[in-house]
Peer 1: 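This structure is in structure tokens; I'll ask about it shortly.
Along the sequence shown, the residues carry numbers beginning at 1.
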Amino acid sequence: MPSANFGEDPSAGIFEKILSCETADAVSETLLEPLVDALGATSGVFMQIFSSPYGDRHFGARSYVGSKPTSVDVYVDGLYALDPVIRPVMDWLDDERGPAPSLLTGSFERDLEEDPQYRDTFLRPYDIGHVVAVAMPMRTGLETQLACVGFHRRHGDIAFLPEQLSWFQRLVPAIRSVLYALACKEALALSETIAIAAREAGTEMGFLILDEDLVVRNGNAKGMEDLGLTVAAPGGSSVLGEIKARLLAANRAPGVSFSFKASGLRTFDIEVRNFETADGRNFHLVVTSGGGPRHAISDACRRFGLTERETEIARQIASGKCNASLSHELGISLRTGENHLRSIYRKVGVSSRTQLVSRLLHIQ
């Protein structure tokens, strides 16, 4: 049974709980669970939906509270395309010129007969008959996404009442602010990683960002061109296939990176570096570049006979990282990092960080 008094405004405690959410992992505890209880719902779900650089849609972070968690996997695997309620909101990702959606509904019942396939393959098997949901557009500097929060009741239950919808509507500004903050935190982490790579690789850098599922989340025109990714052939890149295969076989922990030469219409260098997003997920930055300081440093490190670990430390130093920061990112102790640095100094014939970067960048 619902635990809230829908004749009154939502309590300060409900607002406080929602606004305490700081990571995607905390959405279940701070947002879904309290509202499932307050609304008398049987389940609650949170999903991020975004458009890739070549136009298709993917799901990002998601959380579920209830007795049928497999319903989320079934939904994102393709049944979302049949959803008559969310379909107009998904279409907005393809054409942002229209008004931004903010979906709020009380029941699926009016739409069930319009799409019997969706009813018979998803709603009935997972006993979803009524829903109150809100879909919110999130525009950040790097991408556009939709964040959707929904709460469900079974077919035999009483539908959400108008006063319950009105009560939920008064919580939407708080929900919106939390989910937008999460989107901005992730965008900030991505932007910082790209900025560091651009400083090292120079203006000719191409890049892609892959998420934890190795789905392309973002990229610039050069990165897309280098890897042969186009709107007409989003999945036809053999180079991207090689990158994914290498990632699946490699250590994907944050701070780890690897490089290799790729051959397509031309031969060029690719570097893949793992990093952690603001909410703790492991993403991957793919850098394609034929020149720039980073490649000059890599070439110089090979000439001086630096090991792969020493080369990575030299790159970190060139990007301005202190000993403590680079040791943390590489997952080594401060003492181990300092020992590597002494070995680098000895091989290159310098005695300071400034001399090291200067020597590596100017060697012919």
Peer 1: Ignoring hydrogens and angles, tell me if any N or O in the side chain of Asn323 forms a donor-acceptor pair with the backbone of Arg335 under 3.5 Å.
Peer 2: no
Peer 1: Which ILVMFWY residues are connected to Leu161, directly or by a chain of links, through side-chain heavy atoms under 4.5 Å apart?
Peer 2: Ile158
Peer 1: Does one hydrophobic cluster hold both Ile49 and Leu82, with members joined at side-chain heavy-atom distances below 4.5 Å?
Peer 2: yes
Peer 1: Cluster question for you: counting only ILVMFWY and a side-chain heavy-atom cut-off of under 4.5 Å, with indirect links fine, are Val134 and Tyr180 together?
Peer 2: yes
Peer 1: Mark yes when over 12 heavy atoms from residues, nucleotides or ligands other than Arg154 sit less than 6.0 Å from its CZ; otherwise mark no.
Peer 2: no
Peer 1: Quick one: CZ on Phe260 to CG on Asp269, what's the gap to the nearest 0.5 Å?
Peer 2: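 Answer rounded to 0.5 Å: 10.0 Å.
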Peer 1: Same cluster for Val256 and Ile313 if Ile/Leu/Val/Met/Phe/Trp/Tyr side chains link at under 4.5 Å?
Peer 2: no
Peer 1: Determine, for Asp9 against Arg170, whether the closest basic-nitrogen to carboxylate-oxygen distance falls under 4.0 angstrom.
Peer 2: yes
Peer 1: State the CG-CD1 distance between Leu285 and Ile209, to the nearest 0.5 angstrom.
Peer 2: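 Rounded to the nearest 0.5 Å, the CG-CD1 separation comes out at 6.0 Å.
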Peer 1: Which pair of non-hydrogen atoms, one from Leu330 and one from Gln316, has the smallest distance, and what is that distance?
Peer 2: CD2-NE2, 4.0 Å
Peer 1: Taking everything shown except Glu308 itself, do over 12 heavy atoms lie less than 6.0 Å from its CD?
Peer 2: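 12 or below, so no.
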Peer 1: Which heavy atom in Gly44 sits nearest to a heavy atom in Val36, and how many Å separate them?
Peer 2: N-CG2, 3.7 Å
Peer 1: Looking at Phe160 and Ala41, what are the two nearest heavy atoms and their distance?
Peer 2: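 Result for this residue pair: CZ-CB, 4.3 Å.
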Peer 1: Can you name the residues that form a ring-ring contact (aromatic ring centres under 6.0 Å, His included) with Tyr64, not counting sequence neighbours?
Peer 2: none
Peer 1: From Glu271 CD over to Ile243 CD1, what is the distance, rounded to the nearest 0.5 angstrom?
Peer 2: 11.5 Å
Peer 1: Output, in order, the C-alpha distance, side-chain angles, deciding distance and verdict of ring pair (Phe, Tyr, Trp, His ring centres under 6.0 Å) for Phe168 and Phe6.
Peer 2: CA-CA 9 Å; Phe168 179 72; Phe6 301 107; over 10 Å; no
Peer 1: Okay, side chain of Arg217, backbone of Gly60: is any donor-acceptor separation there less than 3.5 Å?
Peer 2: no
Peer 1: I need the minimum non-hydrogen distance between Ile344 and Glu310, along with the two atoms involved.
Peer 2: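 Looking at all heavy atoms of both residues, the closest pair is CD1-O, 3.4 Å.
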Peer 1: Look at the rings of Tyr75 and Phe59 and say which category their plane angle falls in: under 30° parallel, 30 to 60° tilted, over 60° perpendicular.
Peer 2: perpendicular
Peer 1: Same cluster for Phe122 and Met47 if Ile/Leu/Val/Met/Phe/Trp/Tyr side chains link at under 4.5 Å?
Peer 2: yes
Peer 1: If you measure from NZ on Lys261 to CD1 on Ile270, what distance do you get to the nearest 0.5 Å?
Peer 2: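 It is 10.5 Å, given to the nearest 0.5 Å.
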Peer 1: Report whether Leu247 and Leu240 are members of the same hydrophobic cluster (ILVMFWY, side-chain heavy atoms less than 4.5 Å apart, transitive linking).
Peer 2: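 Shared cluster, yes.
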Peer 1: Ignoring hydrogens and geometry, is there a side-chain-to-backbone donor-acceptor pair from Asn5 to Gly7 under 3.5 Å?
Peer 2: yes
Peer 1: Measuring from atom OG of Ser352 to atom CG of Leu341, what distance do you get when rounded to the nearest 0.5 angstrom?
Peer 2: 10.0 Å
Peer 1: Side chains of residues 12-31: which donor-acceptor partners sit under 3.5 Å, not counting sequence neighbours?
Peer 2:
residue	atom	partner	partner atom	Å
Ser20	OG	Lys17	O	2.6
Thr23	OG1	Ala26	N	3.3
Thr30	OG1	Ala26	O	2.8

Peer 1: Output the distance between atom OG (Ser63) and atom CD (Gln48), rounded to the nearest 0.5 Å.
Peer 2: 9.0 Å
Peer 1: Quick one: does Thr121's side chain have a donor or acceptor within less than 3.5 Å of a partner on Gln117's backbone?
Peer 2: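 Yes, because the side chain of Thr121 sits within donor-acceptor range (under 3.5 Å) of the backbone of Gln117.
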Peer 1: Regarding Arg252 and His284, do their side chains bring together a donor and an acceptor under 3.5 Å, going by distance alone?
Peer 2: yes
Peer 1: Could you give me the CA-CA distance, side-chain angles and deciding distance for Ser43 and His152, then say whether side chain to side chain donor-acceptor pair (under 3.5 Å) is met?
Peer 2: CA-CA 5 Å; Ser43 60; His152 318 117; 2.7 Å; yes
Peer 1: Output yes when a side-chain donor or acceptor of Glu242 lies under 3.5 Å from a complementary backbone atom of Val239, and no otherwise.
Peer 2: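 Answer holds: no.
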Peer 1: Minimum heavy-atom separation for Arg359 to Gly349, with atom names?
Peer 2: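 Taking every non-hydrogen atom into account, NH1-O, 4.1 Å.
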Peer 1: Output yes when a side-chain donor or acceptor of Asp211 lies under 3.5 Å from a complementary backbone atom of Phe283, and no otherwise.
Peer 2: no
Peer 1: Side chain of His130, backbone of Asp157: donor and acceptor closer than 3.5 Å?
Peer 2: yes
Peer 1: Checking Gln355 side chain against Ser351 main chain: does a donor-acceptor pair fall under 3.5 Å?
Peer 2: yes
Peer 1: Ala253 and Asn282: which non-hydrogen atoms are nearest, and at how many Å?
Peer 2: CA-ND2, 4.5 Å
Peer 1: Could you tell me whether a side-chain N or O of Tyr345 sits under 3.5 Å from a main-chain N or O of Arg353, the two making a donor and an acceptor?
Peer 2: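 A pair under 3.5 Å: yes.
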Peer 1: Please check: side-chain N/O of Arg153 versus main-chain N/O of Leu39, any donor-acceptor pairing under 3.5 Å?
Peer 2: yes
